[in-house]
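Below: one structure, written as structure tokens.
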Number of protein chains: 2
Amino acid sequence: MNDVLARVGDKWSVRVVMALAGGSRRFNELRRDIAGISQRMLTRTLRGLERDGLVSRAVTASVPPRVDYALTPLGNSLRDPVARLGNWAIANIGKIETARALFDAGSDHTKL
Amino acid sequence: MNDVLARVGDKWSVRVVMALAGGSRRFNELRRDIAGISQRMLTRTLRGLERDGLVSRAVTASVPPRVDYALTPLGNSLRDPVARLGNWAIANIGKIETARALFDAGSDHTKL
DNA sequence: CAGTATCCGTCTCGATACTG
DNA sequence: CAGTATCGAGACGGATACTG
């Protein structure tokens, strides 16, 4: 279970899954959608997700080449738990940052 | 938000939060409950969760020393999303391992 | 367009040993 | 009991260059 959670907890994996939530995307579309990801990391993340059966890869032999990525049913089943976690993070990021500031300022963490 | 997800999605953090879901636990109780965690990783994970205001740390000065960890209200609000993620991982670990085996056996991508 | 290959610094993890 | 200190292997991630 640990390695499964590691995949899910990876920041790039989460962003790729979220980017594919709306439907299939091509490589460079993903690259544009996911700000800050390098080509290398996008490739590696997609391979990892593909290996785990969460993402499908469809190659169209043409010039220029075309590769479409999409969530598999398994990948889709991950959307809900990931979205809930994401929503929690968005809702509570303020509290967490406050707690961090307090903790870092002094050992006084009796609040929160 | 990435750093929040990093903390929350971290495999050890998830397991610690799940272990504390039933109530407060002492250091070595957690160590026993969470199979495979090293002392160092448990300490680091607890510090991280404490810093983020998700876990409280109560020291009882005695011999031997006693330290109780528990979820804060904020930590408790995390229980549900984390449990969903954990349940997803437990429910789908079989499918993922099958997918991995297929992927690794099939096309030889040497490495990732 | 969609990758691979390579280099390289940084960070993480786990094992081990020691302590109040 | 509940940590801290230290160390080395390896994973991670960015930058860059090249290719079918």
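In what follows, every chain begins at residue 1, and chains take the letters A, B, ... in the order their sequences are listed. Atoms considered below: every heavy atom in the structure, side chains included; atoms not considered: hydrogens, waters and symmetry mates.
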- Whole-Å gap separating P (C/dG3) and CG (A/D68): 10 Å

- Query: Please give, in whole Å, the distance from D/dA2 C1' to B/E50 CD?
  - Reply: 13 Å

- Message: Under the criterion side chain to side chain contact (heavy atoms under 4.5 Å, CB included), I'd like the reasoning laid out for A/V17 against A/R79: C-alpha separation, chi angles, the key distance, then a yes or no.
- Response: CA-CA 7 Å; A/V17 168; A/R79 277 173 53 194; 4.2 Å; yes

- Go through B/V16 and B/L42 one step at a time and tell me if the side chain to side chain contact (heavy atoms under 4.5 Å, CB included) criterion holds. CA-CA 8 Å; B/V16 167; B/L42 180 54; 4.1 Å; yes

- Is any NZ, NE, NH1 or NH2 atom of the basic residue among A/R25 and A/D68 found under 4.0 Å from an Asp or Glu carboxylate oxygen of the other? no

I'd like a table of atom pairs between the protein and nucleotides 11-14 of chain C - only N or O on both sides, under 3.5 Å - with the distance next to each one.
from: C/dC13; atom 1: N4; to: B/R40; atom 2: NH2; distance (Å): 3.4
from: C/dG14; atom 1: OP2; to: B/W12; atom 2: NE1; distance (Å): 3.4
from: C/dG14; atom 1: N7; to: B/R40; atom 2: NH1; distance (Å): 3.0
from: C/dG14; atom 1: O6; to: B/R40; atom 2: NE; distance (Å): 3.0

- Does a nitrogen or oxygen in the side chain of A/R47 sit under 4.0 Å from OP1 or OP2 of C/dA2? no

- Item | Nearest-Å distance for atom pair CG/P, residues A/L42 and C/dT4 | 11 Å

- Query: So, B/S77 side chain and B/L74 main chain: donor-acceptor pair closer than 3.5 Å or not?
  - Reply: yes

- Message: Would you compute the distance between atom CG of A/L78 and atom CG of A/L49 and round it to the nearest 0.5 angstrom?
- Response: 9.0 Å

- Between the first and last five pairs of the helix from C/dC1-D/dG20 to C/dG20-D/dC1, the angle of the axes, rounded to 10 degrees: 50°

- Query: Checking B/D10 side chain against B/A6 main chain: does a donor-acceptor pair fall under 3.5 Å?
  - Reply: no

- Query: Would you call B/R84 and B/D80 a salt bridge, taking side-chain N to carboxylate O under 4.0 Å as the test?
  - Reply: yes

- Test side chain to side chain contact (heavy atoms under 4.5 Å, CB included) applied to B/D3 and A/R100, step by step: CA-CA 12 Å; B/D3 47 347; A/R100 279 183 191 171; 3.1 Å; yes

- Item | Residue of the set B/E29, B/R26, B/R57 for which side-chain contact (heavy atoms from CB on, under 4.5 Å) holds with B/Y69 | B/R57

- Message: Just verifying a value: how many Å separate A/S24 OG and A/L71 CG, rounded to the nearest 0.5 Å?
- Response: 10.0 Å

- List in numerical order all residues of residues 26-35 of chain A for which some heavy atom is under 4.0 Å away from an atom belonging to DNA chain D. none

- Task: Carefully, step by step, assess A/L46 and A/L30 under the rule side chain to side chain contact (heavy atoms under 4.5 Å, CB included).
- Result: CA-CA 10 Å; A/L46 286 168; A/L30 287 172; 4.0 Å; yes

- Item | Minimum-distance nucleotide to A/Q39 side chain [options: D/dT4, C/dG3, D/dC1] | C/dG3

- OP1 or OP2 of D/dC1 under 4.0 Å from side-chain N/O of B/Y69: no

